[in-house]
Q: 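For reference, the structure I am asking about is given below.
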Amino acid sequence: MGIIRAKDVVYEYIRRDEEGNVEGITRAVDQVSLDVKQGDFIAILGHNGSGKSTLAKHINAILNPTEGTVWVDGMDTRDDTKTWDIRQRAGMVFQNPDNQIIGQVVEEDVGFGPENMGIPTKEIWERVEESLKAVGMYEFRKHSPNKLSGGQKQRVSIAGVLAMHPKCIVLDEPTAMLDPRGRKEVIRAVRALNQVEGVTAVLITHYMEETIYADKVFVMDGGKIAMEGTPREIFSQVERLKELRLDVPQVTLLAYELQNRGLKLPRGILTIEELSDALSGSGVR
Ligand code: ADP
Ligand code: MG
């Protein structure tokens, strides 16, 4: 069984009036099943309101399914006695870095998690150092987080989660509030912790181009998993992606248009380099 497993998960938000009568029900997650293996890099794509955050909150036992079951490292998230263990196993990084940083100094902030876990001081400092190095923020360890850029703050948040030695990290639109440079820094850090540290990564985003390095991409729509496959399988279905209101990257669109005009190109081009190689291979310069 994978590190994260969801079976037929349904989640409904129930709105009640002052007397407690049900006014309305929103089915935010609708029959979702997932199986994420240890060490995988998974991306969950979807436009606003498609149910991504609601699903993510299940992985950290912030929400419990209305129907179905979620297991994290074999533990049923409904089991209250396991909540602490589950949160240690699966760390969360949210959209706004300002709400996640509490320390006055970067290294102190990163040390909070392991400190709360009762880790001995010497080991805390080792973990702080290795985590900051993993996200490329070690040289900023003595800085005040307030003075950092959005991308740097978000990398500090990621280091704070890493320092708790989770098996899995769930990032809910970690780049949504960042400029293009900050977005690149954060995505690079996520890839490094997955590839170098072997941490399972679940990246939630509405930027398609951030998903090209994922092992597997899930696209959500109306609470359901609408598409599922490798980035190349997903990126080759341009019409379907447009229907799901996703912004298809320009290079993928260009390759698609060229194919429509009769040029022979591989399907699901992901990067400018790939397009350029494919074009030189096809004799077009
Ligand atoms: P996403 O993260 O993909 O934008 P969400 O999981 O936040 O999607 O939302 C999915 C659906 O659930 C939307 O229709 C949203 O309006 C609704 N929703 C989200 N949070 C709440 C809440 N706290 N109470 C009621 N409805 C909510
Ligand atoms: Mg969201």
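Both ligands and their constituent atoms are indexed starting at 1 by order of listing.
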Q: Does Arg141 qualify as a cation-pi partner of Tyr138, given the criterion of NZ or CZ under 6.0 Å from the six-membered ring centre and within 45 degrees of its axis?
A: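 Relative to the ring axis of Tyr138, which defines the angle, Arg141 lies inside both limits.
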Q: Any N/O/S atom, side chain or main chain, of Ser53 closer to the Mg ion (ligand 2) than 2.8 Å?
A: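 Yes, Ser53 qualifies, because one of its backbone or side-chain N, O or S atoms lies under 2.8 Å.
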Q: When you measure from the centre of the six-membered ring of Tyr207, is the NZ or CZ of Arg183 closer than 6.0 Å and no more than 45° off the axis?
A: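 Yes.
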Q: Looking only at heavy atoms, is any part of Thr54 under 4.0 Å from ligand 1, and if so is it the side chain, the backbone, or both, or is it neither?
A: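 Both backbone and side chain.
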Q: Quick test: of every protein heavy atom, which one is nearest to atom 18 (N) of ligand 1, and how far off is it to 0.1 Å?
A: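 Protein heavy atom with the smallest distance to atom 18 (N) of ligand 1: Tyr13 CE1, 3.4 Å.
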Q: Under 4.0 Å, heavy-atom basis, I'd like to know which part of His47 is in contact with ligand 1: side chain, backbone, both or neither.
A: backbone
Q: Test Trp125 against Glu129 for side-chain hydrogen bond (donor to acceptor under 3.5 Å, both in side chains), laying out the working first.
A: CA-CA 6 Å; Trp125 289 113; Glu129 180 177 335; over 6 Å; no
Q: Find the distance between NZ (Lys242) and CG (Leu253) and round it off to the nearest 0.5 Å.
A: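 Interatomic distance, Lys242 NZ to Leu253 CG, rounded to 0.5 Å: 5.5 Å.
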Q: Report the distance from atom CZ of Arg87 to atom CG of Asn60, rounding to the nearest 0.5 Å.
A: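 Going from CZ on Arg87 over to CG on Asn60, the span is 5.5 Å.
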Q: Is there a heavy atom in Lys57 that sits closer than 4.0 Å to ligand 1?
A: no
Q: Output yes when the distance from some N or O of ligand 1 to some N or O of Lys52 is under 3.5 Å, and no in every other case.
A: yes
Q: When you compare the side chain of Leu171 with that of Ile204, does any pair of heavy atoms fall below 4.5 Å?
A: no
Q: Within the side chain of Asp109, is there an N or O that forms a donor-acceptor pair under 3.5 Å with the backbone of Ile101?
A: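 The answer is no, because no donor-acceptor pair under 3.5 Å joins these two groups.
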Q: Tell me, do Leu55 and Leu34 make a side-chain contact under 4.5 Å, heavy atoms counted?
A: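 Yes - at least one pair of side-chain heavy atoms lies under 4.5 Å apart.
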Q: Quick one: nearest non-hydrogen protein atom to atom 7 (O) of ligand 1, plus distance?
A: Ser53 CB, 3.9 Å
Q: Distance to 0.1 Å, residue and atom name: give those for the protein heavy atom nearest to atom 14 (O) of ligand 1.
A: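 Protein heavy atom with the smallest distance to atom 14 (O) of ligand 1: Thr26 CG2, 3.8 Å.
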Q: Can you list the atoms of ligand 1 that are under 4.0 Å from a heavy atom of Ser50?
A: 1 (P), 3 (O), 8 (O)
Q: Quick test: of every protein heavy atom, which one is nearest to atom 8 (O) of ligand 1, and how far off is it to 0.1 Å?
A: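 That would be Gly51 N, 3.1 Å.
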Q: Looking only at protein heavy atoms, which one is nearest to atom 10 (C) of ligand 1, and how far off is it?
A: Gly49 O, 3.5 Å
Q: Would you please test Glu243 and Arg240 for salt bridge (Lys or Arg N to Asp or Glu O under 4.0 Å) and show each step?
A: CA-CA 5 Å; Glu243 274 169 27; Arg240 181 82 180 111; 3.0 Å; yes
Q: Please work out which of Ala28, Ala56, Gly24 has its closest non-hydrogen atom nearest to atom 11 (C) of ligand 1.
A: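 Answer by nearest heavy atom: Ala28.
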Q: Any heavy atom of Gly46 sitting closer than 4.0 Å to ligand 1?
A: no
Q: Quiz question for you: does at least one protein heavy atom lie closer than 4.0 Å to atom 1 (P) of ligand 1?
A: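 Within 4.0 Å of atom 1 (P) of ligand 1, protein heavy atoms are found.
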